[in-house]
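Computed from a predicted structure; not experimentally measured. Chain naming here is simple, since letters A, B, ... match the order of the sequence lines and numbering starts at 1 in each.
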Number of protein chains: 2
Amino acid sequence: MSDAAPLIREDAPATGPQTGAKFNGASLHGEVLGRLRDYIVEGHLSDGARVPERQLCEMFGVSRTPLREALKVLASEGVVDLLPNRGARVRTLNERDIHELFDLMAGLEALAGRLACESITDEEVAEIERLHHEMYSFYLRRDMPGYFEANQAIHRLIVAAARNNALAAAYDGYAGRIRRIRYGANLARKRDRWGEAMREHEAILDALRRRAGVELSDILFIHLRNKQVAALEQMTEPRPIQA
Amino acid sequence: MSDAAPLIREDAPATGPQTGAKFNGASLHGEVLGRLRDYIVEGHLSDGARVPERQLCEMFGVSRTPLREALKVLASEGVVDLLPNRGARVRTLNERDIHELFDLMAGLEALAGRLACESITDEEVAEIERLHHEMYSFYLRRDMPGYFEANQAIHRLIVAAARNNALAAAYDGYAGRIRRIRYGANLARKRDRWGEAMREHEAILDALRRRAGVELSDILFIHLRNKQVAALEQMTEPRPIQA
DNA sequence: GCAGTAAATATTGCATTCAAAATTTTCTGA
DNA sequence: TCAGAAAATTTTGAATGCAATATTTACTGC
């Protein structure tokens, strides 16, 4: 099992390098949390499978303590379920969960839009306008990845303009959980839905320019609801995400 | 060190009895999490004070492992901050934090109202009506605690009627964090604000009856914004909560 | 064969241990 | 007396140990 040396963990499998700046590397717990969340959200432990504690420890090159701490946090985030004396199980999102999360995100973005109108600067609006035009040209060129990126950037800017860290944190958290589904939804974007989305974005930009908070809020909600429909269609139709 | 008997831990200080049914007693971690969160949110560790790990362990009668697991979760909830190698610090809510949380709650309730209108049953509306009238009579009698209770119940029912567990979980989480401030806000409710709140509640009920989602959403948001103003006034005016 | 049970194994939850910080206390020399 | 350094102490972060519970495997009687 364990030979003597490896405590130093410089040889730990794939721990150091690829971690980038993304995870809180200050503590093992922080790093393991980030990596494990990604690992699970990315679907590597698909299905309601038992989370193999020991195995993950070896994989991350840490002891069970920080791993288990990370699991508690993931449980509180709803990423895994904790069964008494039976460990953690991956909580796979069923259609209803996705529906709920999309609605919640829609509500958060609607809120962000409303708040943003209260304090967004002309410069920020200009930046969003710029991104909007960029996105539009991606649309004309049928460049999905580019479009997706610009789209995300706009939504992020709106959330940032809301000047509410608690909201931003909540938004990021949920966005992380459904990012795979969102991406899938965009991949399968049908031509007509795409055009519709562009038109909605026109309305978003317009409301933002006028600082029409309530209106923007409503448009954003509907916009995300429509995206949800597309995502759910994509989810059920082709294949259940992981075959 | 360990003689045979004491593992049973029936003599653990103040662990068993007062735990009530509130916390997830299935695991020590779950119980400690609930109790520690309460302990902190109730203000027993006020100010940005260092969280005394050892002391809390004794107090809860557990080892550091479950306590530290709980701390990680509380950190992810924003209740404490984790300083590398320097432990956890109570994160005290400044005025801005409270403003942010109130706005976020307002957004969540606005969402709940909108969703509720999509699927609330006549029975549920009737129950809310009943509570509304109850609340009104508390208002007439100037019975603050009773009013507060009925008020909370109405808001909870609206969230429940949204049929969105993710939303409900988020709502409960944030509500827990600011419950002390909310209570304070209600205690200090000025006569005129109270009457205003009642009128807003009339409008809420009316919109709910008509299943006017967008309208209800807007009323709820404004209602909570007004409550926020009252809360912040109360917060800054009298004294900073803990002397 | 195979349902049902008992032994063997693995996993879990928590306590304990230990090295590396951080903090506090004690010393030192103006 | 007191600023600054050194030593002692405490606290932290993480690994390891251990009893209790689950799970798997091996066995028994049909």
> For B:V51 and A:P84, take the nucleotide of DNA chain D holding the closest heavy atom to each; which residue's nucleotide lies nearer the 5' end?
Replying inline: B:V51
>> If the cut-off is 4.0 Å, is A:R86 near the phosphate of D:dT23, judged by side-chain N/O to OP1 or OP2?
In response: yes
> Which nucleotide sits closest to the side chain of B:S63: D:dA15, C:dA15, C:dA21?
Replying inline: C:dA15
> Is there a donor on the side chain of A:R64 or the base of C:dG13 sitting less than 3.5 Å from an acceptor on the other?
Replying inline: yes
>> Rounded to whole Å, please give me the gap between CG in A:L82 and P in C:dT12.
In response: 10 Å
> With a 4.0 Å cut-off on heavy atoms, is A:L83 in touch with a base, just the backbone sugar-phosphate, or nothing at all?
Replying inline: sugar-phosphate
> D:dA15, C:dT23, C:dA15: which one has an atom nearest the side-chain heavy atoms of B:R50?
Replying inline: C:dT23
>> Please pick, from D:dT11, C:dG13, D:dA15, the nucleotide with the shortest atom-to-atom distance to any side-chain atom of A:T65.
In response: D:dA15
> What's the CD-P distance between B:E53 and C:dA15, to the nearest Å?
Replying inline: 13 Å
>> By nearest atom, which of the nucleotides D:dA22, C:dC14, D:dG13 is closest to the B:N85 side chain?
In response: D:dG13
> Would you say A:R130 has more than 12 foreign heavy atoms packed within less than 6.0 Å of its CZ?
Replying inline: yes
> Across the strands shown, which category fits A:E69 at heavy-atom distances under 4.0 angstrom: base, sugar-phosphate, nothing?
Replying inline: nothing
> Could you state the CG-P distance from A:L71 to C:dC14, rounded to the nearest angstrom?
Replying inline: 13 Å
> In Å and rounded to the nearest 0.5 Å, what is the NZ to NE2 distance from B:K227 to B:H155?
Replying inline: 4.5 Å
> D:dA14 C1' sits how many Å from A:E31 CD, rounded?
Replying inline: 14 Å
>> Donor-acceptor check, side chain of B:E109 to backbone of B:L220, threshold 3.5 angstrom: yes or no?
In response: no
> For B:L67 and C:dG13, what is the distance between atoms CG and C1' respectively, to the nearest whole Å?
Replying inline: 15 Å
>> When you measure from the side chain of B:R177 to the backbone of B:E77, do you find a donor-acceptor pair of N or O atoms at a distance under 3.5 Å?
In response: yes
> Could you walk me through whether A:D38 and A:R179 pass the salt bridge (charged side-chain N to carboxylate O under 4.0 Å, His left out) check?
Replying inline: CA-CA 11 Å; A:D38 272 16; A:R179 68 176 178 232; 3.1 Å; yes
>> Rounding to an integer number of Å, can you tell me how far B:R54 CZ sits from C:dT17 P?
In response: 14 Å
> Rounded to whole angstrom units, what separation is found between the CZ atom of A:R68 and the C1' atom of D:dC18?
Replying inline: 14 Å
> Quick one: A:L28 CG to D:dT12 P, roughly how many Å, whole number?
Replying inline: 17 Å
